[in-house]
Amino acid sequence: MKLYYSAGACSLSPHIALEESGLPYEAISAPTKTKLLPDGSDYRKVNPLGYVPYLINDQGEGLAEGPAIVQYIADQAPGKKLAPANGTWARYQLQSWLNFIGTELHKGFAPLFNPAAPDEVKQAAKDKIRERLTWVNGELAGKTYLMGDDFTVADGYLFTVTNWAKPLQIDLSPFANLVAYRERVGARPAVQRAMKAEGLI
């Protein structure tokens, strides 16, 4: 498999999933600003959307969108328990988490990355993110990971998105459960390897 990523972007989530899975893969840098691949070619020839992540499977087929990609990865290594079995209630709970993180948190950060966004828009975005994180913090009470005792691909996604809080000046210290959870996830060897590969640590 080939994973196209941009350092520190949401593509860190499937990068973590691949490391957790133990499956063979190649990570290819596709910077979101330049769209230039290491060989000098235009990334948009691989993925016309021009954003990351993008996965090419062993059959040469391409898949976009992080929540879909991480579930595909999880299903290729069922023994790792990165996602509950398809068709189970727990799998739909996982999908609920992936959708929540993608729409309520990931997209919620978007105005903060936009230098043209007015200050009042950025402040409103921060307020909404804090509101959502308050709920997440409550959901993490008494849990090791989002789904209980097992690390899943939803944890890699939440960790990735909440990594953006510090550089965007959102204080996570009021969310004690989330802070402790981030320390647990961040200490996992697979997470460390993915972050090191992207030059984040």
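Values reported hereafter were calculated over all heavy atoms of this structure, with side chains retained and with hydrogens, waters and symmetry mates removed.
Side-chain polar atoms of Gln123 and Asp127 form a donor-acceptor pair below 3.5 angstrom. Residues Gln95 and Gln71 bring a donor and an acceptor atom of their side chains to less than 3.5 Å of each other. No hydrogens or angles considered: nothing links the side chains of Asn137 and Tyr181 as a donor-acceptor pair under 3.5 Å.
Judged by distance alone, the side chain of Asn47 and the main-chain N or O of Arg44 form no donor-acceptor pair under 3.5 Å. Checked by atom type and distance alone, the side chain of Arg132 never pairs as donor or acceptor with a backbone atom of Leu105 at under 3.5 Å. Between the side chain of Lys35 and the backbone N or O of Gly50, at least one donor-acceptor pair lies under 3.5 Å. Side chain of Ser96 to main chain of Tyr92: no donor-acceptor pair is present (N/O by atom type, distance under 3.5 Å, no hydrogens or angles).
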| task | Could you check Phe100 against Val136 for side-chain contact (heavy atoms from CB on, under 4.5 Å), going step by step and ending with a plain yes or no? | result | CA-CA 10 Å; Phe100 173 84; Val136 171; 3.5 Å; yes
| request: Test Tyr157 against Leu98 for side-chain contact (heavy atoms from CB on, under 4.5 Å), laying out the working first. | output: CA-CA 7 Å; Tyr157 195 13; Leu98 290 170; 3.9 Å; yes
| field | Asp119 and Lys126: CA distance, side-chain angles, deciding distance, salt bridge (charged side-chain N to carboxylate O under 4.0 Å, His left out) verdict | value | CA-CA 11 Å; Asp119 288 343; Lys126 286 184 178 181; over 6 Å; no
| said: One pair to check against side-chain contact (heavy atoms from CB on, under 4.5 Å): Lys107 and Thr103. What are the steps and the verdict? | reply: CA-CA 5 Å; Lys107 283 300 179 185; Thr103 59; 5.6 Å; no
| message | Does Lys80 form a side-chain contact (heavy atoms from CB on, under 4.5 Å) with Phe151? I'd like the steps, not just the answer. | response | CA-CA 9 Å; Lys80 299 292 186 176; Phe151 177 93; over 6 Å; no
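Residues Ile129 and Leu112 form a side-chain contact, since some pair of their non-hydrogen atoms from C-beta on lies under 4.5 Å apart. The shortest distance between side-chain heavy atoms of Pro84 and Met147 falls below 4.5 Å.
Asp58 has no carboxylate O lying under 4.0 Å from a charged side-chain N of Lys2, or vice versa, which leaves the two without a salt bridge. With respect to the salt-bridge test (charged N to carboxylate O, under 4.0 angstrom), the residues Glu20 and Arg188 qualify.
Counting side-chain heavy-atom gaps under 4.5 Å among Ile, Leu, Val, Met, Phe, Trp and Tyr, the cluster of Tyr43 also holds Tyr4, Ile28, Leu37, Val46, Val52, Tyr54, Ile56.
Closest heavy-atom contact between Leu172 and Val179: O-CG2, 3.3 Å. Here the closest heavy-atom approach between residue Leu94 and residue Ala83 is recorded as CD2-CB, 3.6 Å. Closest approach of Thr160 to Ser13, counting heavy atoms only: OG1-N, 3.3 Å. When all heavy atoms of Pro14 and Pro53 are compared, the closest pair comes out as CG-CB, 3.6 Å. Ala30 and Ser6 get closest at one heavy-atom pair: O-CB, 3.7 Å. The two residues Lys122 and Asn114 have their closest heavy-atom pair at CE-O, 3.3 Å.
Partners of Glu198 under the side-chain contact (heavy atoms from CB on, under 4.5 Å) rule, at least two apart in sequence or in another chain, are Tyr5, Ala7, Leu12, His15, Leu200.
How far CG of Leu63 is from CD1 of Ile73: 9.0 Å, rounded to the nearest 0.5 Å. Separating the CG atom in Leu82 from the CD atom in Gln76 is a distance of 11.5 Å, to the nearest 0.5 Å. A distance of 4.5 Å separates CZ of Arg193 from CD of Glu19, quoted to the nearest 0.5 Å. Taking CZ from Phe109 and CD from Glu104, the interatomic distance works out to 12.5 Å, rounded to the nearest 0.5 Å. Ser173 contributes atom OG, which lies 10.5 Å from atom CG of Leu178 (distance to the nearest 0.5 angstrom). Distance check, rounded to the nearest 0.5 Å: CG of Asn86 to OG1 of Thr88 gives 7.5 Å.
Neither Leu3 nor Val70 shares a network with the other; the hydrophobic side chains, linked directly or stepwise wherever heavy atoms of I, L, V, M, F, W or Y lie under 4.5 Å apart, form separate groups for each. The hydrophobic cluster containing Val161 also contains Tyr145, counting ILVMFWY residues as joined when their side-chain heavy atoms lie under 4.5 angstrom apart, directly or transitively. Grouping the Ile, Leu, Val, Met, Phe, Trp and Tyr side chains by contacts below 4.5 angstrom, directly or via other members, places Leu168 with Phe159. Cluster membership check: Leu55 does not share its hydrophobic cluster with Val153, using side-chain heavy-atom separations under 4.5 Å among Ile, Leu, Val, Met, Phe, Trp and Tyr. Tyr51 and Ile69 fall into different hydrophobic clusters, where Ile, Leu, Val, Met, Phe, Trp and Tyr residues are linked whenever their side-chain heavy atoms come under 4.5 Å apart, directly or through other members.
Open room surrounds CD on Gln169; 12 or fewer heavy atoms of other groups in view lie less than 6.0 Å from it. Within a 6.0 Å sphere centred on CZ of Phe113, other residues, nucleotides and ligands contribute more than 12 heavy atoms.
Relative ring orientation between Trp135 and Trp97 is described as tilted, the plane-to-plane angle lying within the 30° to 60° band.
The salt bridge (charged side-chain N to carboxylate O under 4.0 Å, His left out) contacts involving residues 157-184 comprise nothing, where partners must be two or more places apart or lie in separate chains.
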